[in-house]
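Quick note: numbers below take in every heavy atom, side chains included, and nothing from hydrogens, waters or symmetry partners.
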Amino acid sequence: MASLQQTTSSAAPATPSLPRLILGSSSKYRKELLSRLQMPFEVVVPDIDETPRPGENPEATALRLALEKARTVALAAPNALVIGSDQVATLDGEQIGKPGNHENALAQLRKMRGRRVIFHTALCLWDSRQSQAGQAAQIENIQTFVTFRDLPDAELDAYLRIEQPYDCAGSAKNEGLGIAILEKIESTDPTALTGLPLIALTGMLRRAAFPFFIR
């Protein structure tokens, strides 16, 4: 059963002119991206099972988990806007997870070199001020197409030892040195690949009447 693992505060409390904004994620990358909006928000980590279901395609997995994260946090947070997000990387329809260690990361990069990888970044904004689930949830999947350079093992190994992106699906940090092993990034939302599509998010927040430029 899903539960809330912990709660931390990342900024000052919401002002009367701002609704409570909560990021339902343990990702430091998503936290850093959300900070760009210069709005107070909290971080609440939902403890959910992120295992893909049998026969579930990658896009469906990402969308389901983004929704589940946002909904789980929203159940304990009335009168709040809760952000849930999940990312699944795929090559030839096969999911590529977080490598966890050097050996797995090197195997991933070997498999992806010279290839085009699809990153599904699902985003859900749950407005717990709404009583109906159908009205509360806005959800979208943003696809990013990443072409990896065809590099030799020695370069891939050297990159991994420097940046150690073992907590990143696809084994590369595009916002860091990992950009040097990429040949092309195609996306309508430039921060989606890092984990939180801010163009899509700000659109959802606007539809939820979130005021951006009021202090």
Side-chain angles (χ1 to χ4, degrees), residues 10 23-37 43 45 48-53 56-66 69 83-123 140-202:
S10 61
L23 176 63
S25 176
S26 62
S27 168
K28 63 182 180 182
Y29 307 109
R30 293 190 179 108
K31 182 179 177 181
E32 289 168 1
L33 287 170
L34 186 56
S35 296
R36 294 186 188 182
L37 299 186
V43 176
V45 182
I48 65 171
D49 182 2
E50 299 189 29
T51 306
R53 292 174 177 170
E56 188 175 51
N57 67 49
E59 180 177 0
T61 297
L63 287 167
R64 176 177 59 81
L65 292 177
K69 291 174 183 179
I83 302 162
S85 187
D86 191 78
Q87 186 178 81
V88 176
T90 63
L91 178 64
D92 297 332
E94 179 184 344
Q95 295 195 24
I96 301 168
K98 298 175 183 179
N101 58 50
H102 185 87
E103 291 72 23
N104 291 340
L106 184 57
Q108 279 191 0
L109 292 181
R110 283 171 172 163
K111 188 174 184 179
M112 295 185 298
R113 60 183 163 196
R115 305 288 304 280
R116 191 173 186 244
V117 178
I118 303 174
F119 287 78
H120 297 275
T121 307
L123 175 68
E140 184 178 348
N141 177 52
I142 293 85
Q143 292 188 8
T144 303
F145 302 90
V146 180
T147 304
F148 283 74
R149 295 184 185 277
D150 190 359
L151 300 176
D153 286 2
E155 283 199 53
L156 299 177
D157 181 78
Y159 160 67
L160 291 173
R161 294 189 184 282
I162 294 171
E163 194 153 61
Q164 301 184 13
Y166 307 137
D167 61 344
C168 299
S171 303
K173 292 183 180 180
N174 71 289
E175 71 276 20
L177 183 58
I179 200 71
I181 68 171
L182 305 181
E183 187 172 287
K184 186 190 298 185
I185 298 175
E186 305 164 82
S187 181
T188 58
D189 206 324
T191 61
L193 185 57
T194 310
L196 189 66
L198 291 180
I199 290 177
L201 176 60
T202 52

> List in chain and number order the residues that pass salt bridge (charged side-chain N to carboxylate O under 4.0 Å, His left out) with E103, two or more places apart in sequence or in another chain; answer none if no residue qualifies.
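E103 satisfies salt bridge (charged side-chain N to carboxylate O under 4.0 Å, His left out) with no residue once adjacent residues are dropped.
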
> Which heavy atom of R30 sits nearest a heavy atom of L196, and at what distance?
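Scanning both residues completely, I find the closest heavy atoms to be O-CD2, 3.7 Å.
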
> Measure across S25 and V45 and return the closest heavy-atom pair with its distance rounded to 0.1 Å.
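Nearest pair, atom of S25 first, then V45: O-CG2, 3.8 Å.
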
> Apply salt bridge (charged side-chain N to carboxylate O under 4.0 Å, His left out) to R53 and list each qualifying residue two or more places apart in sequence or on a separate chain.
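Not a single residue meets the salt bridge (charged side-chain N to carboxylate O under 4.0 Å, His left out) criterion with R53.
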
> For a 4.5 angstrom cut-off between non-hydrogen side-chain atoms, does L201 reach I83?
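Yes, close enough: below the 4.5 Å cut-off.
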
> Could you check whether any side-chain N or O of Q108 sits under 3.5 Å from a backbone N or O of G97, counting only pairs where one atom can act as donor and the other as acceptor?
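Indeed, once roles are kept as given, a pair shorter than 3.5 Å links the two residues.
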
> Start with the C-alpha distance between E59 and V88, add both sets of side-chain angles, then the distance that settles side-chain contact (heavy atoms from CB on, under 4.5 Å), and finish with yes or no.
CA-CA 7 Å; E59 180 177 0; V88 176; over 6 Å; no

> Listed by chain and number, what are the side chain to side chain donor-acceptor pair (under 3.5 Å) partners of R110, not counting sequence neighbours?
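Once residues adjacent in sequence are excluded, the partners of R110 under the side chain to side chain donor-acceptor pair (under 3.5 Å) criterion are D153.
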
> Name the residue from N174, L109, L160 that meets the side chain to side chain contact (heavy atoms under 4.5 Å, CB included) definition with I181.
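The residue from N174, L109, L160 that satisfies side chain to side chain contact (heavy atoms under 4.5 Å, CB included) with I181 turns out to be L109.
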
> Nearest 0.5 Å, please: how far is OG in S27 from CD in E32?
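So the CD of E32 and the OG of S27 are separated by 8.0 Å.
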
> Output the distance between atom CG (L193) and atom CD1 (I142), rounded to the nearest 0.5 Å.
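Answer rounded to 0.5 Å: 12.0 Å.
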
> With no hydrogens and no angle check, just 3.5 Å: does a side-chain donor-acceptor pair link T51 and D49?
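T51 vs D49: donor-acceptor pair found between side chains.
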
> Could you grab the distance from atom CG of D189 to atom OG1 of T144, nearest 0.5 Å is fine?
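That separation rounds to 7.5 Å.
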
> Can R115 and D150 be counted as an ion pair, charged N to O under 4.0 angstrom?
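No salt bridge links R115 with D150.
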
> Look up atom CG in L151 and atom CG in L156, then write down how far apart they are to the nearest 0.5 Å.
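L151 CG to L156 CG: 5.5 Å, rounded to 0.5 Å.
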
> In Å and rounded to the nearest 0.5 Å, what is the CD to CD1 distance from E140 to I199?
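Result: 10.5 Å between the selected atoms.
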
> Ignoring hydrogens and geometry beyond distance, is a side-chain donor-acceptor pair present between D86 and H120 at under 3.5 Å?
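Side-chain D/A pair, D86 to H120: absent.
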
> Taking all non-hydrogen atoms of both residues, which atom of G93 and which atom of P58 are closest, and how far apart?
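In this case the closest contact between G93 and P58 is O-CG, 3.8 Å.
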
> State, yes or no, whether a side-chain contact exists between L198 and R36 at a heavy-atom distance under 4.5 Å.
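Yes, close enough: below the 4.5 Å cut-off.
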
> Applying side chain to side chain contact (heavy atoms under 4.5 Å, CB included), name anything that partners T202, two or more places apart in sequence or on another chain.
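Here the qualifying residues are L37, F212.
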
> Any side-chain heavy atom of N104 within less than 4.5 Å of one from K98?
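No - every pair of side-chain heavy atoms lies 4.5 Å or more apart.
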
> Over all heavy atoms of both residues, which pair between M112 and F148 is shortest? Give the atoms and the distance, please.
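Smallest interatomic distance, heavy atoms only, reads O-CB, 3.4 Å.
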
> Identify the two heavy atoms, one from T121 and one from G195, that lie closest to each other, and give their separation to 0.1 Å.
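Distance-wise, the nearest heavy atoms are CG2-O, 3.8 Å.
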
> Work out which heavy atom in G170 is nearest to a heavy atom in F119; give both atom names and the distance.
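Here G170 and F119 meet closest at CA-CZ, 4.4 Å.
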
> With a 4.5 Å heavy-atom cut-off, do F145 and I185 have their side chains touching?
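F145 vs I185: side chains apart.
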
> Quick check against the 3.5 Å criterion: does K69 have a side-chain atom that pairs as donor or acceptor with the backbone of S85?
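It does hold such a pair.
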
> Looking at R116 and E186, does any basic side-chain N land under 4.0 Å from a carboxylate oxygen?
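Yes, this pair counts.
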
> How would you list, by chain and number, every residue that makes a side chain to side chain contact (heavy atoms under 4.5 Å, CB included) with K173, sequence neighbours excluded?
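Side chain to side chain contact (heavy atoms under 4.5 Å, CB included) list for K173, sorted by chain: Y29, Y159, E163, P165, D167, C168, E175.
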
> Quick test of your reading of the model: are E94 and K111 salt-bridged, counting only N-O distances below 4.0 Å?
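Looking at E94 and K111, the cut-off is met.
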
> For T191, which residues count as a side chain to side chain donor-acceptor pair (under 3.5 Å) partner, sequence neighbours excluded?
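Side chain to side chain donor-acceptor pair (under 3.5 Å) list for T191, sorted by chain: empty.
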
> Quick check: do R113 and R149 have side-chain heavy atoms less than 4.5 Å from each other?
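Counting from C-beta outward, R113 and R149 never come under 4.5 Å.
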
> Less than 3.5 Å apart, any donor N or O on the side chain of E56 or T61 sitting next to an acceptor on the other?
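Present: a donor and an acceptor within the cut-off.
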
> Do T147 and E183 pair up side chain to side chain, a donor and an acceptor below 3.5 Å, judged on atom types alone?
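No, no side-chain donor-acceptor contact under 3.5 Å.
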
